[in-house]
Amino acid sequence: MSKRYYNHKRQRDEDGDAPGRTRHPPGLKGKDIGLFYARRSQARKQRKETLGTVCLSDSKEKEIRRLFYGKSLENLNLTDGNSYTHIEDSIFKRSYLSSIRGNITEKLCEAPIDMLRVPHLDEQLKNEFDKKCKDSKYISMFKFREKLPSYSMREALLKVIEENQVVVISGETGCGKTTQVAQFILDDYLMKGKGSMCKIICTQPRRISAISVAERVADERAEKLGVSVGYQIRLEKKLPRDHGSIVYCTTGVVLKQMESDPALSQVSHIIIDEIHERSVPSDFLITLLREIIKRRTDLKVILMSATLNSEAFSKYYNNCPHLNIPGFTFPVEEYFLEDVLQMTKFKFNQIGPQNGNRFYWKKKQDNKDPAHIEFKEYIVPYARQLKSEGQYDVQVCEQLKDIDSEKINLDLIFDLVVHICESRKEDGALLVFLTGYAEISNLYKKLETSKKFPTSKYVIFPLHSQMSTVDQRQIFLPAPTGKRKIIISTNIAETSVTIDDVVFVIDCGKIKMTHFDVDSNTEKLEPLWVSVANADQRRGRAGRVKPGVCFHMYSRARHMIIEKYQKPEIIRVRLDSTILQAKILQLGKIEEFFPKLMDPPDSKAIQLSLDLLQRLNALDDNENLTPLGYHLAKLPVAPQVGKMILFGAIFSCLNPVLAIAASLDFKDAFQIPLGKEKQADMKKREISDGLNSDHWLLYKALETYETEGNTQRFCYEYFLSSFTLSQLKKMKDQFMTYLMDLNFVSSLNPRDPPLNRNSRNASLIKAVICAGLFPNVAVLRLDQRGRARTIRSIDGEQRYKFHPGSVLSGYNTCVFESPLIVYYKKLKSSSDFIHDATMVHPLPIIFFGDQFSHKLTPDGHCISISKFLTFKTTEGTYRVIKELRDRMNWFLEHKITHPGFVNWNEPSNEMNVLTAIMELITSEDLGDIDNEDDDDDDCY
DNA sequence: GAGCACTGC
């Protein structure tokens, strides 16, 4: 194909109609010159509008027709030789219809409430508990518990929970609310002989905290996990007894459970912890619970938050009672930028009026950027005031007036680290918060090469979710005697990772966050100012074992004007999955439910997601779940990923598709080892088979891991995270249980041969990826050698680049046979990037794309998809495509509404149809793909 | 030529 492309190109050059030459041919005069350019621009316009010619060969067309029409498609009905039966069909029908009819209120009224008292159990639980209270281990743990601040509030807490349906409890880290509140309730029930009536769920935002809190609580109760305390997170659980128990689980788990049991019929108390973090699941859950408690009047809801914004939650729940538990942490001295400059005598590499760069200086002063205006309005006057007060050096005050003083300066941070290490002799680790990979890497190198941090006296760790640190455990262990531990971290150390012996914290003042920009319909990853809540959290990391010190790399004036809280996640992200979840919960019209949220998302963001879901055929025009939407809502993945999974099952290439789906929905397993970035990149490309597909690479990585004998060596050699890979493997297994429930497969083994008949067919797998990810399509403009010069997504005018982490990036490797790619994630950061991509040929796009249309132009027949993707074709091919597309869509619709698996071993109508579709969408050898580039820059 | 962090019976 690529060979043909080159010939085609050369031909054009010889014709003299070469694209992109700015000069007309010699010998033309006057009007002819004008005509030459007019004609050329016309031709260019035409070329720009079409992406190539699609033309099936006669033999191909015949073969496809034979397969399609071997038997009449209309005969394909429920009694055809397939494994699905009438009963299974009606099960689907019933659950589907019940899921689109009615609403949550009715569903709640129908739900059986299962909180019945079991007297003999009450007695048994009471006796067990009485006995436990005499246990020596329990008593010694109890002595510790008594000292926690929350213990003194025990009676008050129980009383307020007893008397109210909803309560907000606030308290800082160290007050013991997470471990104690649930136990107070449980113990009270057990003692009063009502144990069978008590089943407490306590949600945690993170998997690790769910497990570690459960372990801690079991320990305090002198028990093993699984008796009165347990946990449940995705892919892992250790459940306690049914009655008289506490389960710690992630918020997502409860939400998923509520899809089938919205009344939480087995639960007496639900505690939502860390609601101040404002994650999507916790925001969604507290809104949902407001509806639930109307029916479940016996259900107790306890909201737990940090003190900072707890009032807002009480207000949200109709001014419900609010109880604060005083916390206990060690005091932390706080310093700001002015103090740091004073201590270190640091001088910025300043460009001022005094050293000759007057032009640049003036430009900087006159900047009309809102950030500059804000700086001049608040920070500069503060610096002036400081100067007049005379407490700080004049030099310090002058430097604060430069807006560059608010940029992250690694030299300054380096000097501060030196200053801390030289002036503070006491033990204790130093934790530096930076925003991302590059900064961590740079500071790490700076420290390592400076000679001021010899390995005999210091141990330095970078900490980033994608860096494989030699031995993770060492980060948590106290440093060897006589050595100081320095950790350079992202915000992962803010909440997700806790290092106990930290005494010094440097807070760079910035945090990277994704933010969904509704106007450009893209996500952005930007470093922003931290909120006061983040700053407090970072500061708190210094006071866990003894008094600490925190240095904020911004002035007190800046501290006064930064936001108090981070924006809730729900107004920063795409809402596709959340909307689907609201639909399966039968919460009614989205425009009616979403405004009930504490911070409702922009209606534009809602509309964008509704549009996408309708385009995916998950919702109909009335916003009801379609049969496809019903399946997608049941699968615990993003809708496009779910669609890919269903197509993988239908086309019998499930194992590879599940691997890709798991990786896209969770994360890829590739690590970026500090100092070996290039090497890791090479290894990654090594296993990609040169197929111009990151998705294929994801499959290859997991597949090799699953089939390789020595997984450890494989992971080490290819810089892969074996933990991530093992999670991905478990996710595949989990998808199988869902597919089994939905009746798309007959086995729980993702590698079952009948489900993988076509798993070696890379073209088909790419077509299935396309079927799932559409409309995430981008069009490449290629240079003369077939390399991507510009990339434009079909959803807007914006141009993109392949992210350097993609195997499609790189100026020296990729030659594209087709100008079409499908992608899953695009993100604006330092540039506009498409993170993962698969090159696809036109036919999968033509068959799985929407808005199919046909036009007869003077040049011949044209077909287009989504208005923008136009291909030239012949009349014959157009007719075949049109006919087959209609039939294929009808057939796929039939498969979705009649879930069942295909027996590929016996010839059947259905198999013929599938084979025909396969033949068609994997036909790569079509006409020429016209993807040449004009030399001028105005293309697109 | 670059990668905040979470999460789903």
Side-chain angles (χ1 to χ4, degrees), chain A residues 201 203-210 232-237 239 247 249-261 264 266 274 277-282 284-285 433-441 463-467 489-497 508 510-515 523-528 530 534 537 566 569 572-573 577-578 580-581 584 633-638 641-642 662 665-668 670-674 677-678 680-681 684 727 730-731 734-735 737-738 741 801-806 808-813 825 827 829-831 833 835-836:
Chain A
I201 285 186
T203 74
Q204 293 294 310
R206 283 164 291 279
R207 297 164 58 90
I208 297 189
S209 41
Q232 179 168 9
I233 57 180
R234 185 182 190 179
L235 309 172
E236 225 180 302
K237 60 182 170 188
L239 292 176
V247 185
C249 62
T250 40
T251 319
V253 167
V254 184
L255 279 172
K256 201 76 193 149
Q257 282 173 353
M258 288 172 83
E259 286 175 15
S260 52
D261 177 19
L264 290 168
Q266 316 268 331
E274 317 275 15
E277 290 186 15
R278 304 299 307 275
S279 68
V280 171
S282 85
F284 192 79
L285 185 56
F433 283 102
L434 291 176
T435 60
Y437 192 99
E439 285 156 356
I440 292 173
S441 165
L463 186 57
H464 183 289
S465 70
Q466 292 181 80
M467 281 180 194
S489 170
T490 59
N491 41 340
I492 195 170
E494 232 179 73
T495 48
S496 310
V497 168
C508 73
K510 301 281 171 72
I511 192 163
K512 267 192 190 171
M513 266 201 294
T514 52
H515 169 254
E523 284 183 297
K524 289 180 178 170
L525 177 66
E526 290 174 321
L528 302 169
V530 291
N534 293 123
Q537 180 68 21
Q566 223 171 287
E569 193 190 6
R572 294 189 288 113
V573 295
S577 295
T578 313
L580 221 43
Q581 194 156 30
I584 202 83
K634 290 269 173 181
L635 288 166
V637 290
V641 177
D665 207 66
F666 181 40
K667 57 180 170 188
D668 73 51
F670 290 95
Q671 308 255 268
I672 315 160
L674 194 59
E677 295 90 342
K678 282 244 160 65
D681 208 46
K684 187 170 169 177
Q727 288 294 108
K730 284 188 204 166
M731 282 172 73
Q734 194 198 25
F735 295 155
T737 65
Y738 281 94
D741 284 349
K801 291 178 187 160
F802 287 120
H803 189 271
S806 161
L808 280 77
S809 77
Y811 25 87
N812 46 6
T813 46
K825 189 169 107 183
L827 186 65
S829 50
S830 61
S831 185
F833 290 118
H835 280 243
D836 57 287

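By convention in this document, chain letters (A, B, ...) are assigned in the order of the sequence lines, proteins followed by strands, and residues within each chain are numbered from 1.
Among the heavy atoms of the strands, none lies under 4.0 Å from Q581(A). Heavy atoms of E494(A) sit nowhere under 4.0 angstrom from any nucleic acid atom. As judged by a 4.0 angstrom heavy-atom cut-off over every strand, V254(A) is placed among residues making no nucleic acid contact.
At least one donor-acceptor pair closer than 3.5 Å links the side chain of T251(A) to the backbone N or O of Q204(A). Using modelled atom types, one side-chain atom of Y437(A) and one backbone atom of I672(A) make a donor-acceptor pair closer than 3.5 Å.
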* Asked: Reading nucleotides 2-7 of chain B 5' to 3', which nucleotides get B (base under 4.0 Å from a protein heavy atom), which S (sugar-phosphate only), which -?
  -> BBBBSB

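Remark: the Q581(A) side chain and the E259(A) side chain contain an N/O donor-acceptor pair separated by less than 3.5 Å.
Between R572(A) and the choices K524(A), R278(A), M513(A), the side chain to side chain contact (heavy atoms under 4.5 Å, CB included) rule is met once, by M513(A).
For the pair F735(A)/V637(A), a side-chain contact is recorded, criterion being any heavy-atom separation below 4.5 Å from C-beta on.
Between M258(A) atom CE and dG8(B) atom P there is a gap of 16 Å when expressed in whole angstrom units. Atoms CG (L264(A)) and P (dC9(B)) sit 15 Å apart, rounded to a whole Å.
For Y738(A), a side-chain nitrogen or oxygen approaches OP1 or OP2 of dC9(B) to under 4.0 Å.
The two residues Y738(A) and L635(A) have their closest heavy-atom pair at CB-CD2, 3.6 Å.
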